[in-house]
Number of protein chains: 2
Amino acid sequence: MANHRLDALDRKILKLISADARIPFLEVARACNVSGAAIHQRIQKLTSLGILKGSQFIIDPEKVGYETCAYVGLYLKDPSEFDAVVEKLKAIPEVTECHYTTGGYDMFIKIYSRNNHHLLNIIHDKLQPLGLSRSETIVSFNAVIDRQLPIFDNTDEEEDEDDGED
Amino acid sequence: MANHRLDALDRKILKLISADARIPFLEVARACNVSGAAIHQRIQKLTSLGILKGSQFIIDPEKVGYETCAYVGLYLKDPSEFDAVVEKLKAIPEVTECHYTTGGYDMFIKIYSRNNHHLLNIIHDKLQPLGLSRSETIVSFNAVIDRQLPIFDNTDEEEDEDDGED
DNA sequence: ATTGAAAATGTACGAGA
DNA sequence: TCTCGTACATTTTCAAT
């Protein structure tokens, strides 16, 4: 249910356009030895299947004034308030991710802030009022890897690498 | 040093193209009431300044067979091996982020895996051999927010909101 | 930043395997 | 059903202003 059959052409297309959304489809076509129309239709198909969810230019957060990146694990006073808290988190633009987790935290979020001071303000002024019993902050001093999940040559059929074995 | 002055046009362009990398520049131009060439030049400028770092199509990880997302905090046996470990992490495609942190962990990484079982394999077979003394895994059951940092109307000049104050 | 024009691309349509 | 080839509208890109 989660994954669809992707053939070699699909994967090659995904690999190319996931690395550069502005690449001309005709260039993709030449790299794949098919016509431009074929690429066009494949991309439409991949989009309608929900595999492709749009595109975006990547903006360097530091260059637009966001020098601090942090992950914050949240413990809710009332975990049943989860959905309401998520809605409030959506209204905080600095929160770019929110994960529902178990084990460690009730929820786990990613925050970009201008600096450490700004981060503290966000936590105190915007996060705490949501009904936190506690929070743990992990500040990233440097993102040494930040990339997209690569497209492999086998996406759902074989698991004959050591990765998927028992 | 980290941020450059962005005027209203820059920010409007960034806002539009960060939401859709395939948007025609002429459409951006019409939305901004300037010529297409102006957009073209601005985007070149933003790219050469390093503010724009390319573009990408967004692929739904679940739809290509990656149903588990986890964050793992790593403790290195020998923290001075940091750089070498990062290089080895780069060779693990499932690792999409790596942060240098202090306080909690030596480093903090994001992993996509096919399922929980695959995640354990990655941790045991690929991460442990890097020289970990310990690791803590946070599994995300659901990413309820996942978005890009928005472009605000003031990126570096004013801090007159409550966010950046003392 | 604008204009204008040439080159390249995006997209639709019909045909064929 | 999928791909291709063509045709036309649009966009990209670059000059000079």
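Proteins get letters first, then strands, A, B, ... in listed order; numbering begins at 1 in each.
Note on residues 129-152 of chain B: pairs passing salt bridge (charged side-chain N to carboxylate O under 4.0 Å, His left out), not counting sequence neighbours, are B/R134-B/E136. Counting only residues at least two apart or on different chains, the salt bridge (charged side-chain N to carboxylate O under 4.0 Å, His left out) pairs with a member in residues 96-112 of chain B are A/E97-B/K110, A/K110-B/E97, B/E97-B/K110.
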| field | B/S/- contact track for nucleotides 6-17 of chain C, protein heavy atom under 4.0 Å | value | ---SSSB-----
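Hydrophobic cluster membership of B/I58, counting Ile, Leu, Val, Met, Phe, Trp and Tyr whose side-chain heavy atoms lie under 4.5 Å apart directly or via other members: none, as it forms a cluster of its own. Membership of the apolar cluster around A/F108 extends to A/Y71, A/Y75, A/Y105, A/I138, B/Y71, B/Y75, B/Y105, B/F108, B/I138, as traced through chained side-chain contacts below 4.5 Å between ILVMFWY residues. A/L120 belongs to no multi-residue hydrophobic cluster, having no ILVMFWY side-chain contact under 4.5 Å with any other such residue.
A/L9 comes within 4.0 angstrom of the backbone, heavy atoms only, and of no base.
Considering A/I123, A/V139, A/I122 as possible partners of A/S113, the one that fulfils the side-chain contact (heavy atoms from CB on, under 4.5 Å) test is A/I122.
From the 5' end on, the contacts that DNA chain D makes with chain B at under 4.0 Å to a non-hydrogen atom open and close at D/dT11 to D/dC14.
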Quiz: residues 77-84 of chain B side-chain donor-acceptor pairs under 3.5 angstrom, not counting sequence neighbours:
| residue | atom | partner | partner atom | Å |
| --- | --- | --- | --- | --- |
| B/D78 | OD1 | B/S80 | N | 3.1 |
| B/D78 | OD1 | B/S80 | OG | 2.6 |
| B/D78 | OD2 | B/S80 | OG | 3.3 |

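Considering only residues two or more places apart in sequence or on other chains, B/E87 meets the salt bridge (charged side-chain N to carboxylate O under 4.0 Å, His left out) condition with B/K90. By the ring-ring contact (aromatic ring centres under 6.0 Å, His included) test, A/F141 is found to be paired with no residue, residues two or more places apart in sequence or in another chain being considered. Residues satisfying the side chain to side chain donor-acceptor pair (under 3.5 Å) criterion with A/D20, sequence neighbours excluded, are B/S55.
Defining each end axis of the helix from C/dA1-D/dT17 to C/dA17-D/dT1 as the rotation carrying four pairs' C1' atoms onto the next four, with five pairs an end, the two axes are found to diverge by 40° to 10 degrees.
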